[in-house]
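Here's the structure we're looking at; comments come further down.
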Amino acid sequence: MKTGPFYNFAYTTLSIVKKKYTANFAAGKPFEGPAVYVVHHNNLKGPVNTILWHPAQFHLWSLGSFYTQKSCFELYYKFTFTERYGMNKVKAAVLAYPSSIAIPQIYKQGNHIPVYRGEKRIIETFKITVDYLKKGEKVLLCPDVDYSSEDEAVGELYEGLAYIEKYYYRDTKKHIPFIPLKLDHENRVIYENLPIYFDDGDFKAQKDDVLKKIKEKL
């Protein structure tokens with residue numbers, strides 16, 4: 001997967017400053033082929049360490065606000081640095097402006113997938129996702145409702161991830177594997193669980209059960 005210079009710089013920098021994780025595979029080896037990987041966000045610990053240390057390359061689901069300078073600045077200035085971290089407006093603006101220039105470039109050059117939760121544009125998210133999967137590539141997502149939580153326990157999950165199956169099956173008549181990743185931050189291990197599948201039965205009837213199985217393995 002080709003990535004750009006902003007992304008490569010960020011990836012290299014993080015791989016130098018962060019402690020390395022090892023990967024452990026329930027199947028004895030990494031899963032081959034297209035798949036949807038699911039990890040607990042845990043205030044960025046999940047996606048960052050997975051992207052750095054898991055041997056696969058992923059297209060990460062990430063908030064659509066990170067993809068333009070304007071929307072990224074508004075998010076950082078009005079929420080992240082002020083509401084979440086309690087900074088005054090001057091300090092928040094000083095940090096938000098350069099961040100809002102760099103972050104959209106990093107996300108775009110890393111081939112991440114913008115997620116438009118609660119908007120009609122969410123259909124774009126699923127279309128991009130399914131297109132990547134149909135090419136045999138892998139998608140990583142963090143379905144936590146409270147993504148800023150530092151709690152190791154997984155809380156409520158967004159149910160939208162299950163609809164990847166619906167759209168993928170519509171186009172391919174195949175079931176996409178969902179692979180839960182469990183991160184042990186104390187021992188710095190990424191555990192890749194066995195894939196979880198829908199079957200040929202009714203999608204809606206299975207959805208809650210599949211989501212429960214995924215959550216139990218995170």
Side-chain angles (χ1 to χ4, degrees), residues 1-4 7 23 25-27 29-41 46-47 50-51 54-68 71 104 106-145 147 154 156-182 190 192-218:
M1 181 169 65
K2 185 177 181 180
T3 52
Y7 178 85
F25 305 97
K29 61 179 181 179
F31 183 85
E32 297 180 2
V36 176
Y37 289 73
V38 187
V39 68
H40 179 25
H41 194 285
T50 299
I51 288 172
H54 191 285
Q57 288 187 305
F58 300 104
H59 298 281
L60 175 68
W61 267 27
S62 46
L63 192 64
S65 299
F66 290 126
Y67 288 80
T68 69
S71 60
I106 292 170
Y107 278 52
K108 291 174 183 177
Q109 293 180 13
N111 300 294
H112 295 343
I113 300 171
V115 178
Y116 303 105
R117 284 175 178 156
E119 301 179 38
K120 291 181 179 180
R121 295 177 67 191
I122 190 64
I123 195 65
E124 295 178 30
T125 302
F126 288 110
K127 183 180 185 304
I128 296 168
T129 300
V130 170
D131 285 346
Y132 278 134
L133 293 171
K134 286 159 63 176
K135 293 176 183 176
E137 300 180 22
K138 303 180 190 300
V139 171
L140 174 67
L141 56 87
C142 311
D144 310 65
V145 171
Y147 64 86
V154 180
E156 184 182 357
L157 302 183
Y158 283 108
E159 297 183 358
L161 71 98
Y163 286 86
I164 298 173
E165 156 73 16
K166 183 177 181 179
Y167 293 116
Y168 183 81
Y169 186 81
R170 182 191 65 185
D171 287 1
T172 67
K173 295 300 182 285
K174 296 178 181 178
H175 298 291
I176 194 68
F178 290 86
I179 302 180
L181 299 175
K182 173 70 175 180
I190 301 170
E192 180 178 302
N193 289 286
L194 295 174
I196 296 170
Y197 292 89
F198 282 78
D199 60 34
D200 290 337
D202 180 69
F203 169 79
K204 290 184 178 180
Q206 300 177 67
K207 179 170 65 69
D208 289 346
D209 186 51
V210 169
L211 289 170
K212 180 181 178 181
K213 290 178 180 178
I214 292 172
K215 182 177 179 179
E216 288 173 348
K217 293 294 184 179
L218 294 179

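One-based numbering along the sequence shown.
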To the nearest 0.5 angstrom, please state how far the [atom1] atom of [X] sits from the [atom2] atom of [Y].
{"X": "His112", "Y": "Ile51", "atom1": "NE2", "atom2": "CD1", "value": "5.0 Å"}
{"X": "Asp208", "Y": "Leu211", "atom1": "CG", "atom2": "CG", "value": "6.5 Å"}
{"X": "Glu124", "Y": "Ile113", "atom1": "CD", "atom2": "CD1", "value": "12.5 Å"}
{"X": "Glu137", "Y": "Met1", "atom1": "CD", "atom2": "CE", "value": "7.0 Å"}
{"X": "Gln109", "Y": "Lys2", "atom1": "CD", "atom2": "NZ", "value": "10.5 Å"}
{"X": "Thr3", "Y": "Asn111", "atom1": "OG1", "atom2": "CG", "value": "7.0 Å"}

If you take all heavy atoms of [X] and [Y], which pair is closest and at what distance?
{"X": "Ile164", "Y": "Phe178", "value": "CB-CZ, 4.4 Å"}
{"X": "Asp200", "Y": "Gln206", "value": "C-NE2, 4.5 Å"}
{"X": "Leu133", "Y": "Pro34", "value": "O-CB, 3.2 Å"}
{"X": "Pro180", "Y": "Leu218", "value": "CB-CD2, 3.9 Å"}
{"X": "His41", "Y": "Pro47", "value": "O-CD, 3.5 Å"}
{"X": "Gly110", "Y": "Tyr7", "value": "CA-CD1, 3.4 Å"}

Would you mind reporting whether [Y] and [X] have side-chain heavy atoms less than 4.5 Å apart?
{"X": "Tyr167", "Y": "Asp171", "answer": "no"}
{"X": "Val115", "Y": "Leu141", "answer": "no"}
{"X": "Thr50", "Y": "Leu140", "answer": "yes"}
{"X": "Thr68", "Y": "Pro104", "answer": "no"}

Does [X] have its ring centroid less than 6.0 Å away from the ring centroid of [Y]?
{"X": "His175", "Y": "Tyr197", "value": "no"}
{"X": "Phe58", "Y": "Tyr37", "value": "yes"}
{"X": "Phe203", "Y": "Tyr163", "value": "yes"}

Practice problem: Identify which one of Lys29, Lys217, His54 satisfies the side-chain hydrogen bond (donor to acceptor under 3.5 Å, both in side chains) criterion when paired with Glu192. | Solution: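 The passing option is His54.
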Self-check item: Intermediate values then yes/no, side chain to side chain contact (heavy atoms under 4.5 Å, CB included), Leu161 and Ile214
Solution: CA-CA 11 Å; Leu161 71 98; Ile214 292 172; 3.9 Å; yes
Quiz item: Under the salt bridge (charged side-chain N to carboxylate O under 4.0 Å, His left out) criterion, do Asp209 and Lys213 qualify, and how do the steps go?
Solution: CA-CA 6 Å; Asp209 186 51; Lys213 290 178 180 178; 3.5 Å; yes
Quiz item: Is the side chain of Lys174 donor-acceptor paired with the backbone N or O of Tyr169 at a distance under 3.5 Å, no angle test?
Solution: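 Flag not set: sc Lys174 to bb Tyr169 has no pair under 3.5 Å.
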Quiz item: Where the side chain of Lys138 meets the backbone of Phe31, is there a donor-acceptor pair that is under 3.5 Å apart?
Solution: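 Here the side-chain-to-backbone pair exists.
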Quiz item: Counting only heavy atoms not in Lys173, do more than 12 sit closer than 6.0 Å to its NZ atom?
Solution: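 Yes - once you tally the heavy atoms of other residues, nucleotides and ligands closer than 6.0 Å, there are more than 12.
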Quiz prompt | Check: Trp61/Thr129 side-chain N/O donor and acceptor closer than 3.5 Å | solution =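 Yes, Thr129 and Trp61 have a side-chain donor paired with an acceptor closer than 3.5 Å.
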Exercise. Please lay out, stage by stage, how Lys135 and Asp131 fare under the test salt bridge (charged side-chain N to carboxylate O under 4.0 Å, His left out).
Key: CA-CA 6 Å; Lys135 293 176 183 176; Asp131 285 346; over 6 Å; no
